[in-house]
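To keep things clear, I will list the structure first and then write my remarks on it.
Quick caveat: nothing in here was measured; it's all calculated off a predicted structure.
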Amino acid sequence: MNVFSKLATVAALTAAVATGSMQPTEGCTRVTFVGDSAIVITGRTLDWKTPIPTNLYVFPRGQKRASYDSENSIKWTSKYGTVCSVGYDVGVTEGMNEEGLVVNLLYLPGTFYAEADDPRPYMSTSLWAAYVLDNFATTSEAVEQLRKDVFQINAPAMPGGEATTLHMAISDATGNSAIVEYIDGKLQILEGHEYQVLTNAPPYDQQKAISDYWKTVGGLNMLPGTNRSQDRFTRASFYVTMIPKNSSHATAMAGVFGIIGNCAVPTGISIPGQPEISTTQWRSVADQRERTYYFRMTSSPGTVWTNLREFDLYPGAPIMKLDIANARKILIGNAIKDYKPTKGFTPMYRMTPELAKQLSE
């Protein structure tokens with residue numbers, strides 16, 4: 001790591017520890033377009049007040065994982081190969097598997113997962129998205145299992161006292177989506193092709209009510225233009241309906257890139273007390289028909305893409321990493337040649353002084 005990159009990482013670590021945002025919590029906008037010719041495309045922005053160094057990993061099938069570093073956890077072996085974005089090299093923020101299932105985690109302030117005496121096994125927020133991507137090919141499969149509510153999400157209090165509060169969006173290669181939230185300690189799941197958009201606060205049902213009001217105004221007449229979560233939700237909900245269902249693949253891709261660009265928060269914006277209204281750090285677009293994941297840092301002029309069909313995903317194949325946070329050149333285009341074998345990452349179950357030191361090196 002060069003001097004400037006190291007200083008930036010240390011600064012980001014210090015800020016994250018001070019604010020309690022070391023775990024990859026984030027504000028953002030997620031939108032899924034479903035068109036003809038099996039075209040399904042999911043895009044998202046990641047917005048947060050402090051830098052979240054993010055790298056991409058391609059995991060082959062056969063990964064052995066544990067949801068927490070104690071006996072009170074669940075274990076699994078991954079059924080599907082995946083490409084994942086990993087924040088701080090400690091937690092999966094989102095990803096797509098080889099069946100075209102996409103999972104995105106977004107910040108939801110006020111989330112309450114479970115009571116302190118809940119006996120169910122822990123699921124670390126670092127691996128919650130990976131659990132779904134590893135085990136399920138479709139949204140319905142994931143929802144069927146998640147509805148059993150067999151684990152509790154573990155969102156440890158970070159230094160500074162802020163816990164990791166997230167909700168999840170799932171979409172599959174047919175365009176079927178689900179929104180997964182924990183409200184007042186109770187699991188709530190909405191499933192259907194209509195759940196194309198998700199942002200941050202308030203919870204989904206309230207967001208939908210606000211969006212429905214704007215439908216009566218008419219998006220071609222007026223749309224709310226601020227960076228607030230409710231306004232981004234409304235704009236994305238309107239614009240995704242404006243992409244013709246019979247669009248060509250190229251046109252649909254351009255449409256989704258355009259929507260997430262419209263909902264991105266310009267550099268320099270940060271609202272005290274509202275971390276979800278912050279500069280967009282990166283954007284992604286998952287082409288679920290072609291199994292290709294596009295990623296662009298706001299600070300970079302180039303978009304990189306990862307085509308899962310070009311990678312060895314059989315059990316025993318190496319885990320591959322695209323080191324974006326420490327790149328010494330501009331990454332652009334098909335990134336397969338820039339991926340390098342790696343041992344993977346160690347999930348963060350709790351913040352420790354040792355982990356803080358490791359991340360600052």
Side-chain angles (χ1 to χ4, degrees), residues 1 5-6 8-10 12-13 16-17 21-26 46 48 50-70 73-78 80-98 103-105 122-135 153-156 158 164 166 168 281-282 284 293 295 297 304 306 308 311-313 315-327 331 335 338-361:
M1 183 185 295
S5 295
K6 185 171 183 178
T9 300
V10 171
L13 173 65
V17 170
S21 63
M22 174 56 70
Q23 187 72 13
T25 57
E26 61 274 332
L46 183 140
W48 198 247
T50 55
I52 301 179
T54 300
N55 296 310
L56 303 186
Y57 287 75
V58 172
F59 295 100
R61 306 173 210 111
Q63 300 300 303
K64 296 185 182 300
R65 304 194 199 269
S67 64
Y68 204 68
D69 62 344
S70 72
S73 66
I74 61 175
K75 297 178 173 62
W76 70 90
T77 300
S78 63
Y80 304 105
T82 62
V83 54
C84 298
S85 69
V86 179
Y88 292 104
D89 280 337
V90 299
V92 176
T93 303
E94 68 166 28
M96 177 173 64
N97 72 20
E98 61 183 302
V103 175
N104 312 99
L105 296 180
Y122 291 130
M123 172 64 70
S124 168
T125 48
S126 293
L127 290 173
W128 187 24
Y131 170 77
V132 176
L133 291 167
D134 286 349
N135 288 294
I153 301 295
N154 179 264
M158 302 295 146
T164 308
L166 305 169
M168 173 185 285
Q281 298 188 26
W282 53 259
S284 71
Y293 179 79
F295 187 92
M297 295 293 299
V304 298
T306 303
L308 276 175
F311 284 79
D312 293 328
L313 300 178
I319 299 169
M320 305 297 286
K321 176 181 179 180
L322 181 64
D323 194 338
I324 295 174
N326 301 306
L331 298 172
D338 292 304
Y339 273 89
K340 305 300 180 186
T342 180
K343 294 180 179 179
F345 70 93
T346 301
M348 194 194 85
Y349 302 109
R350 61 183 64 83
M351 179 54 64
T352 64
E354 293 77 16
L355 180 57
K357 179 180 179 181
Q358 171 190 331
L359 293 172
S360 67
E361 292 176 349

Working note: W76 + S67, criterion side-chain contact (heavy atoms from CB on, under 4.5 Å); need CA distance, chi angles, decisive distance, verdict.
CA-CA 8 Å; W76 70 90; S67 64; 3.9 Å; yes

Would you check, one step at a time, whether the test side-chain contact (heavy atoms from CB on, under 4.5 Å) holds for N55 with F345?
CA-CA 11 Å; N55 296 310; F345 70 93; over 6 Å; no

Evaluate side-chain contact (heavy atoms from CB on, under 4.5 Å) for T93 paired with T54, printing each intermediate quantity in order.
CA-CA 9 Å; T93 303; T54 300; 5.6 Å; no

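In terms of heavy atoms, V304 sits closest to A335 at CB-CB, 4.2 Å. For V92 against A130, the heavy-atom pair with the smallest separation is CG2-CB, 4.1 Å. Heavy-atom minimum distance, A129 versus V103: CB-CG1, 3.8 Å. Pairing each heavy atom of P60 with each of A317, the nearest pair is CG-O, 3.1 Å. In terms of heavy-atom proximity, G62 sits nearest to P315 at CA-CB, 4.5 Å. Across all their heavy atoms, V90 and V86 have their closest contact at N-CG1, 3.7 Å.
For the pair F295 and I324, the minimum side-chain heavy-atom distance is below 4.5 Å. Between T342 and Y57, some side-chain heavy-atom pair lies under the 4.5 Å cut-off. Side-chain atoms of L127 and Y68, non-hydrogen and from C-beta on, never get closer than 4.5 Å to each other. Using a 4.5 Å heavy-atom cutoff, the side chains of L313 and V58 are in contact. Inter-residue side-chain proximity for Y293 and S85 is flagged as met; some heavy-atom pair is nearer than 4.5 Å.
Other residues, nucleotides and ligands contribute at most 12 non-hydrogen atoms within 6.0 Å of the OH atom of Y122.
No donor-acceptor distance shorter than 3.5 angstrom exists from the side chain of E98 to the backbone of L308, with no hydrogens or angles considered. Side-chain atoms of S126 do not come within 3.5 Å of backbone N or O of P347 as any donor-acceptor pair. Side-chain atoms of Q63 do not come within 3.5 Å of backbone N or O of S78 as any donor-acceptor pair.
In this structure, CG in D69 is found 10.5 Å from CE in M348, a value given to the nearest 0.5 Å. To the nearest 0.5 angstrom, T82 atom OG1 is 9.0 Å from I319 atom CD1.
The residue from R65, K64, K75 that alone fulfils the salt bridge (charged side-chain N to carboxylate O under 4.0 Å, His left out) condition with D134 is R65. Applying side chain to side chain contact (heavy atoms under 4.5 Å, CB included) to L56 and the options D338, L331, T306, D323 leaves one that passes, T306.
Ring centroids of Y339 and F311 are separated by less than 6.0 Å, placing the two rings close together.
When the side-chain hydrogen bond (donor to acceptor under 3.5 Å, both in side chains) test is applied to W128, no partner is found at least two apart in sequence or on another chain. In terms of the side-chain hydrogen bond (donor to acceptor under 3.5 Å, both in side chains) criterion, residue partners of S284 (sequence neighbours excluded) are, by chain and number, E94.
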